[in-house]
Amino acid sequence: MYSPLYFDYNATTPCLKEVVDSMLPYFNQDFGNPSSSHHPYGWLAKSAVEDATVAIANNLGVTPSSLVYTSGATESINMVLIGVARKMQSKGNHIITTKAEHKAVLDTCAFLEENGFEVTYLDVDSKGLISTEMLSDMLRPETILVSILYANNETGTIQPLDEISKLTHENGSLLFSDTTQALGKLDLTKVFQFVDFACFSAHKVYGPKGIGLVFIKDNEGGNGLPSFIHGGGQQKKQRGGTLNTPLIIGFSKAIELAHDNLNTEIQRLETLRNKLEKGLLKIDLSISNSAPPRRLSNTVHISFPYVDGTNLLTALSRQIAVSNGSACNSASVEPSHVLTAMGIERSLAYASLRLSIGRFTTANEIDKAIEIITNEVAKQREQNILWERRK
Ligand code: PLP
């Protein structure tokens, strides 16, 4: 089995050994159900979950009661959008989001539209940023929720949540931000002041797959959501079902490790990202689709004109794992909806690569990636008659 270089950390990350080790006892030794309140097996599991939740809350700078466990960010997004819509429908039926959201938001919004809600999709500019003037114009008295992705999973573009929060709250609406890609890559302290709801997923931060979180700012008070999964009454009845002790422990460990050296790691990744981007931009006519200065430190997104995108990805797949859109959308033959929302024409959107680096990426791998992609783009262009005739 060959192992290509891994440049797809925004799709998922390997689960760290420390994380796996922290989970193991809770599979077979301390396996109790945290809801079993009549014996020590249950007490132990309950106390492990409580300790893990307090640790997550301390690392994020939020209260433990603001956190609800889910199966991942997709479920968290469904829970918030559908929950707020159901809860607030007597106030209004209007939701605002953007055309460059993750499909988990867009598909949930489409579901809400089928059920009588009205959704406004804000345009983004050529770097993926929304216009706050446009947001201000679209807000109405009946707008119950604004849902805006904080850090884009494809381009790394970071939206101005401070201004978005001000406008949204002045209008009396609630703000949700999909913060899935920001955890472990940005300091989120301020973000929790700006938003009413946020979401996370452990597998994006070197934790296990199958566990996520919803952050609900005023969970004890006004913002608590209606039951999303019924049964058992767990998690303040918001999401029933036996709590998954091992995955919660693993998620907590992953967040602790991510926060241990967050600033040093951001700096290290930024240096590597700049080296990668600089190297790839030496390829003739290549264009960066990321927006300086507010962008993720690990993401590079570049288009290569005169290249067939599908052939490029196929040729690269044995040597380097990259993506040309959202991984969750990889079965689709449509170009990335994020790039088309940014006004990039279809053939160029196909001929684009997202490279996302992470904890195990080295400078040597960056050099190799630049070399592999440079050679492959040249090969693809040699076979393209339009490349020859471009002048
Ligand atoms: N939101 C964003 C921005 C993402 O990048 C992803 C994963 O690709 C998701 C949501 C969905 O996350 P999960 O795989 O935990 O459902």
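Whatever order the structure lists ligands and atoms in, that order sets their numbers, starting from 1. Because the structure is a prediction, the values reported are computed rather than measured. The basis for the numbers below is simple: all heavy atoms, side chains too, and nothing from hydrogens, waters or symmetry mates.
- One option in Thr74, Thr12, Ile211 has a heavy atom closer to atom 16 (O) of ligand 1 than any other, and that option is Thr74.
- Taking a 6.0 Å sphere around NZ of Lys278, one finds it holds 12 or fewer heavy atoms contributed by other residues, nucleotides or ligands.
- Against a heavy-atom cut-off of under 4.0 Å, Ser201 is close to the following atoms of ligand 1: 13 (P), 15 (O).
- Residue contacts with ligand 1 include Lys204, since one of its heavy atoms falls under 4.0 Å from the ligand.
- Residue contacts with ligand 1 include His203, since one of its heavy atoms falls under 4.0 Å from the ligand.
- Near Leu149, with a cut-off below 4.0 Å to any heavy atom, the atoms of ligand 1 are 3 (C).
- Neither the backbone nor the side chain of Asn152 has any atom closer than 4.0 Å to an atom of ligand 1 (non-hydrogen atoms only).
- No more than 12 heavy atoms of other residues, nucleotides or ligands shown are found within 6.0 angstrom of NZ on Lys166.
- Considering backbone and side-chain N/O atoms, Asp178 comes within less than 3.5 Å of an N/O atom of ligand 1.
- The nearest pair of heavy atoms linking Gln234 to Gly231 is OE1-O, 3.3 Å.
- Shown here for Met23 and Pro208, the closest heavy-atom pair between the two residues is SD-CG, 3.8 Å.
- Residues Thr155 and Thr157 bring a donor and an acceptor atom of their side chains to less than 3.5 Å of each other.
- The distance criterion of under 3.5 Å between nitrogen or oxygen atoms is met by Ala73 with respect to ligand 1.
- A 6.0 Å sphere centred on NE2 of His39 holds more than 12 heavy atoms belonging to other residues, nucleotides or ligands.
- Side-chain atoms of Lys204 come within 3.5 Å of backbone N or O of Asn10 as a donor-acceptor pair.
- Ligand 1 places these atoms under 4.0 Å from at least one heavy atom of Gly72: 15 (O).
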